[in-house]
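What follows is a short report on a single structure.
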Number of protein chains: 2
Amino acid sequence: MVDDAEKKLLADAGHRIRETRAAQGLSLEQLARLTGISAPALSLIETGKRDPRLTTLKRIADALRVAPATLIADGPGTVEPSASSSAGGYDLGEYQ
Amino acid sequence: MVDDAEKKLLADAGHRIRETRAAQGLSLEQLARLTGISAPALSLIETGKRDPRLTTLKRIADALRVAPATLIADGPGTVEPSASSSAGGYDLGEYQ
DNA sequence: GCTATCTTTATCGAAAAAGGTAAGCTGGCG
DNA sequence: CGCCAGCTTACCTTTTTCGATAAAGATAGC
């Protein structure tokens with residue numbers, strides 16, 4: 001449960017990074033120099049095999065000239081507090 | 001340069017998390033149970049002393065019922081590819 | 001086939017995240 | 001005052017990121 005959704009998130013973010021990088025005609029090595037993150041590390045992130053830190057994500061976003069949020073915008077998942085109804089996913093219930 | 005902007009990013013995200021959590025009347029322990037992240041770890045993140053991983057951020061966002069992007073939306077930094085002009089900040093130049 | 005470029009994978013060492021626990025620290029309340 | 005709830009900080013252990021490097025795919029062109 002936990003792992004599944006998270007892997008999708010990482011694969012998604014990685015895919016978005018790769019798309020943005022490719023759109024700018026940058027190679028992994030070029031992005032590595034811009035970000036200070038090694039090319040192998042970038043490869044792992046882009047292929048969803050690594051769980052990057054927030055600052056790592058930010059450095060990539062900066063190098064690509066996009067907002068960090070752009071890279072992780074979980075398209076569909078964005079539940080958006082539209083239906084913040086009382087029937088939310090979980091309400092702590094027993095835990096409170 | 002690196003450290004300064006990054007600390008601000010972490011402090012900012014942490015502040016946003018704390019605001020959101022407080023707005024929902026949740027304690028650190030309650031959020032800890034919802035996210036599976038320990039309360040001490042959450043405290044460090046909220047005070048900007050820790051650089052969370054992407055999945056960690058996602059779990060917090062999920063528990064708070066907000067989009068992950070909401071928590072890191074770097075207000076001003078959001079350059080938005082409006083002026084993606086050729087006169088960008090840096091063009092790799094010597095590095096390519 | 002060979003070569004160059006890009007990417008992926010593997011290994012190693014250092015640094016850091018994260019859980020757990022425990023110890024402080026603050027404020028409110030009886 | 002003592003007590004409690006909430007948050008912070010410190011220590012420890014395990015896991016993971018990350019850089020560096022090297023090696024191994026994968027294409028494309030000579």
Side-chain angles (χ1 to χ4, degrees), chain A residues 1-64 68 71-72 92 95-96, chain B residues 1-64 68 71-72 92 95-96:
Chain A
M1 157 212 191
V2 186
D3 219 46
D4 210 40
E6 291 184 348
K7 286 208 302 183
K8 190 170 168 301
L9 172 81
L10 295 181
D12 225 54
H15 192 249
R16 222 172 304 246
I17 291 172
R18 171 148 301 181
E19 274 183 345
T20 309
R21 175 175 64 85
Q24 302 188 16
L26 293 173
S27 70
L28 278 182
E29 281 210 358
Q30 288 173 328
L31 184 58
R33 277 188 291 246
L34 287 175
T35 56
I37 301 167
S38 68
L42 287 173
S43 177
L44 290 175
I45 293 171
E46 287 191 351
T47 51
K49 296 185 178 64
R50 184 169 288 189
D51 192 356
R53 297 176 193 165
L54 180 52
T55 57
T56 302
L57 206 67
K58 176 68 163 28
R59 283 199 278 177
I60 295 173
D62 280 356
L64 295 176
L71 302 178
I72 63 173
L92 358 197
Y95 286 122
Q96 81 177 350
Chain B
M1 158 211 190
V2 185
D3 219 48
D4 210 41
E6 291 184 348
K7 286 208 301 182
K8 189 171 170 297
L9 171 80
L10 296 181
D12 224 55
H15 192 248
R16 222 172 306 246
I17 291 172
R18 172 148 301 182
E19 273 183 345
T20 310
R21 175 176 63 86
Q24 302 186 16
L26 292 173
S27 70
L28 276 184
E29 281 210 358
Q30 289 173 330
L31 185 58
R33 278 188 291 247
L34 286 175
T35 57
I37 300 166
S38 68
L42 287 174
S43 176
L44 290 175
I45 293 172
E46 287 191 350
T47 50
K49 295 184 179 64
R50 183 168 288 188
D51 191 357
R53 298 176 193 162
L54 180 52
T55 58
T56 302
L57 206 68
K58 176 69 162 27
R59 283 198 278 176
I60 296 173
D62 281 357
L64 295 177
L71 302 178
I72 64 173
L92 10 185
Y95 286 120
Q96 75 176 353

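In the text below, chain A, chain B and the rest are named by the order of the sequence lines, each starting its count at 1.
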**Message:** Surrounding CD of Glu29(B) (heavy atoms of other residues, nucleotides or ligands, distance under 6.0 Å), is the total greater than 12?
**Reply:** no
**Request:** Quickly work out the Ile45(A) CD1 to dC18(D) P distance and round it to whole Å.
**Result:** 5 Å
**Message:** Do Ile60(B) and Leu42(B) make a side-chain contact, defined as non-hydrogen atoms from C-beta onward lying under 4.5 Å apart?
**Reply:** yes
**Request:** Rounded off to whole Å, could you give me the CG-to-P distance for the Leu31(B) and dG19(C) pair?
**Result:** 11 Å
**Item:** Length of the CD1-P vector between Ile17(A) and dT7(C), whole Å
**Value:** 14 Å
**Asked** If you check the Arg53(A) side chain, which of dT8(D), dT7(C), dT17(D) turns out closest?
**Response** dT17(D)
**Request:** Calculate the interatomic distance between Asp51(B) atom CG and dT17(D) atom P; express it in whole Å.
**Result:** 12 Å
**Message:** Taking atom types as they are modelled, would you say the side chain of Arg50(B) forms a donor-acceptor pair with the base of dA18(C) within the 3.5 Å cutoff?
**Reply:** yes
**Asked** Do Asp51(A) side-chain atoms and Arg53(B) backbone N/O form a donor-acceptor pair below 3.5 Å?
**Response** no
**Asked** Is any side-chain N or O of Thr56(A) closer than 4.0 Å to OP1 or OP2 of dC18(D)?
**Response** yes
**Message:** Using side chain to side chain contact (heavy atoms under 4.5 Å, CB included), reason through Leu31(A) and Leu64(A) one step at a time and then give a plain yes or no.
**Reply:** CA-CA 8 Å; Leu31(A) 184 58; Leu64(A) 295 176; 4.0 Å; yes
**Message:** Closest approach to the side chain of Ser43(B), judged atom by atom: which nucleotide of dT9(D), dT7(C), dA17(C) is it?
**Reply:** dT9(D)
**Asked** Between dT9(D), dT7(C), dC7(D), which nucleotide gets closest to the side-chain atoms of Arg18(B)?
**Response** dC7(D)
**Prompt:** Among the nucleotides dT17(D), dA10(D), dG19(D), which one has an atom lying closest to any side-chain atom of Pro40(B)?
**Reply:** dA10(D)
**Shortest side-chain distance from Lys49(B), nucleotide among dA18(C), dT9(C), dT9(D)** = dT9(D)
**Request:** For Pro52(B) and for Leu44(A), locate the closest nucleotide of DNA chain C by heavy-atom distance; then report the residue assigned to the nucleotide nearer the 5' terminus.
**Result:** Leu44(A)
**Request:** Applying side chain to side chain donor-acceptor pair (under 3.5 Å) between Glu46(A) and each of Arg16(A), His15(A), Arg21(A), report the one that passes.
**Result:** Arg21(A)
**Complete:** Here the distance between atom P of dA17(C) and atom CG of Leu54(B), to the nearest Å, is 15 Å
**Prompt:** Under 4.0 angstrom, heavy atoms only, what part of the nucleic acid is Ser38(A) near: base, sugar-phosphate, or nothing?
**Reply:** base
**Asked** In whole angstroms, how far is the C1' atom of dT7(C) from the CG atom of Leu42(A)?
**Response** 11 Å
**Prompt:** Atom CZ of Arg59(B) and atom P of dA17(C): how far apart are they, to the nearest Å?
**Reply:** 15 Å
**Item:** Nucleotide dT16(D), atom P - distance to CD1 of Ile37(A) in whole Å
**Value:** 20 Å
